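Here is the structure we will look at, set down as structure tokens.
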There are 2 protein chains.
Amino acid sequence: MAARIVRVGTVIAVTPEPDGGALDRLFGALADPTRRLLLQRLVQHGPQSATRLAEGGTLSRQGVTKHIQALEIAGLVCSRRVGREVQYRATTAQLASAVTWMLDAGSGWDRRLDRLRRDVAG
Amino acid sequence: MAARIVRVGTVIAVTPEPDGGALDRLFGALADPTRRLLLQRLVQHGPQSATRLAEGGTLSRQGVTKHIQALEIAGLVCSRRVGREVQYRATTAQLASAVTWMLDAGSGWDRRLDRLRRDVAG
DNA sequence: TCCTAGTGCAACTGAATGGTTGCACCTGAA
DNA sequence: TTCAGGTGCAACCATTCAGTTGCACTAGGA
């Protein structure tokens, strides 16, 4: 499977195996239910700090921070300093990259996935 | 995010968080480069046994078996006994489920992903 | 200035994971 | 029946990971 330039959303992504470890970090980040929950909360309620994300939950602030950093390394969130707090915001870039990899992997033995892949790439 | 019936490829899938742990196993299985490679080999070269997959590689048969079982539990491959060997074959069902989850997660903050999600659901 | 909210870093523990080896069991062929 | 190829199970080791706690540092506000 050769590398290819793919456009998804507003993003130009090189796929698949962008650098090998990128997909590891990406799928690894999504493999944890806590991280998926944090990601969804960022999507639904907008940018928040780690402290904000931790309050009300059962996880300590440092626990949240570790998960958020995993998401950030995976390219699923990005951070911005605002005053004395750091706000995290969800990003679609790598999510699109993962979708593309899976569509590539699935195409060729599933015709509809293949058609969908061409739609995304177009 | 409520559960929903989605059709992708030839498969009817219930999404998202089919049972919570399903996505854990699914993304967890895809997070490992060895497992992604094994999956791609099954896709490209058709059903094979664990012994066949192991020969020529650096991994022991038992190592391959463990990875394949992770893929099987995740619903990415299925097994069939043929004589005295067990052949593994790739499946698209859960792959489609993962794609759907990601499109759902990404929609609402990326318009093109949202449009794509509707295409898949249709 | 002092105080406080928020963050960052390091150490530590328990659990999960990747990988190996050894051995027993089953099945097909001679 | 005997033998060999293929599989399954269990034990074991090293590494990684999730989560916590404690403490130091920084930036805003009174």
Side-chain angles (χ1 to χ4, degrees), chain A residues 17 19-42 45-89, chain B residues 19-42 45-90:
Chain A
E17 304 293 344
D19 91 50
L23 280 177
D24 294 12
R25 293 187 289 273
L26 186 51
F27 286 125
L30 292 175
D32 188 283
T34 303
R35 286 194 285 265
R36 288 199 303 275
L37 185 62
L38 289 173
L39 187 60
Q40 289 185 331
R41 286 181 58 183
L42 289 180
H45 302 115
Q48 293 181 33
S49 68
T51 301
R52 172 75 73 85
L53 285 168
E55 64 195 21
T58 64
L59 205 58
S60 70
R61 173 184 64 90
Q62 284 302 324
V64 169
T65 298
K66 280 195 178 182
H67 281 300
I68 290 284
Q69 284 175 345
L71 289 169
E72 189 170 18
I73 290 176
L76 288 167
V77 309
C78 61
S79 62
R80 188 169 65 103
R81 183 123 211 160
V82 178
R84 62 182 153 188
E85 69 180 25
V86 176
Q87 290 199 336
Y88 296 96
R89 167 172 69 84
Chain B
D19 88 50
L23 280 177
D24 294 14
R25 292 187 289 272
L26 185 51
F27 286 124
L30 292 175
D32 187 283
T34 302
R35 287 194 285 267
R36 289 198 304 275
L37 185 62
L38 289 173
L39 186 61
Q40 289 185 332
R41 286 181 58 183
L42 289 180
H45 303 115
Q48 294 182 31
S49 68
T51 301
R52 173 74 74 85
L53 286 168
E55 63 194 22
T58 64
L59 206 58
S60 71
R61 173 184 65 91
Q62 283 303 323
V64 169
T65 298
K66 279 195 179 183
H67 281 301
I68 289 285
Q69 284 177 344
L71 289 169
E72 190 171 18
I73 290 176
L76 289 167
V77 309
C78 61
S79 62
R80 188 168 65 103
R81 184 125 211 159
V82 178
R84 61 182 153 189
E85 66 180 25
V86 176
Q87 291 199 335
Y88 297 96
R89 163 172 73 83

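Remember, it's a predicted structure, so these values are computed and weren't measured experimentally. Order of the sequence lines sets the chain letters (A, B, ...), proteins ahead of strands, with each chain counted from 1.
Following rounding to the nearest Å, Arg36(A) (CZ) and dA18(D) (P) show an atom-to-atom distance of 13 Å. dG6(C) atom P lies 16 Å from atom CD1 of Ile68(A), rounded to whole Å. Atom P of nucleotide dA16(C) and atom CD1 of Ile73(B) are separated by 14 Å, given to the nearest angstrom. Note: CZ (Arg80(B)) to C1' (dG6(D)) measures 16 Å, nearest angstrom. One interatomic measurement links the two molecules: CD of Gln48(B) to P of dT7(D), which rounds to 11 Å at whole-angstrom precision. A straight line from CZ of Arg52(A) to P of dA5(C) spans 15 Å, rounded to a whole angstrom.
Not counting sequence neighbours, the partners of Phe27(A) by the ring-ring contact (aromatic ring centres under 6.0 Å, His included) test are Trp101(A). Remark: Gln87(A) pairs with Glu85(A) by the side chain to side chain donor-acceptor pair (under 3.5 Å) rule, at least two apart or across chains.
By the 6.0 Å contact criterion, CZ on Arg52(B) is open, its count of non-hydrogen atoms from other residues, nucleotides or ligands being 12 or less.
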Only distances under 3.5 Å count here; give the side-chain donor-acceptor pairs of residues 64-80 of chain A to other protein atoms, sequence neighbours excluded, each with its distance to 0.1 Å.
from     : atom 1 : to       : atom 2 : distance (Å)
Thr65(A) : OG1    : Arg61(A) : O      : 2.9
His67(A) : ND1    : Arg35(A) : NH1    : 3.1
Glu72(A) : OE2    : Ser79(A) : OG     : 2.7

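The two atoms that bring Thr34(B) and Asp32(B) nearest to each other are N-OD1, 2.8 Å, heavy atoms only.
When heavy atoms are screened at a 4.0 angstrom cut-off, Thr65(A) is found touching no nucleic acid atom at all. Residue Arg35(A) is in sugar-phosphate contact alone, with no base atom involved, counting any heavy-atom pair closer than 4.0 Å across all strands shown.
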| query | Could you walk me through whether Leu59(A) and Leu53(A) pass the side-chain contact (heavy atoms from CB on, under 4.5 Å) check? | reply | CA-CA 9 Å; Leu59(A) 205 58; Leu53(A) 285 168; over 6 Å; no
| request: Determine, for nucleotides 19-30 of chain C in 5'-to-3' order, which nucleotides have protein heavy atoms under 4.0 Å from the base (write B), from only the sugar-phosphate (write S), or from neither (write -). | output: BBB-----BB--
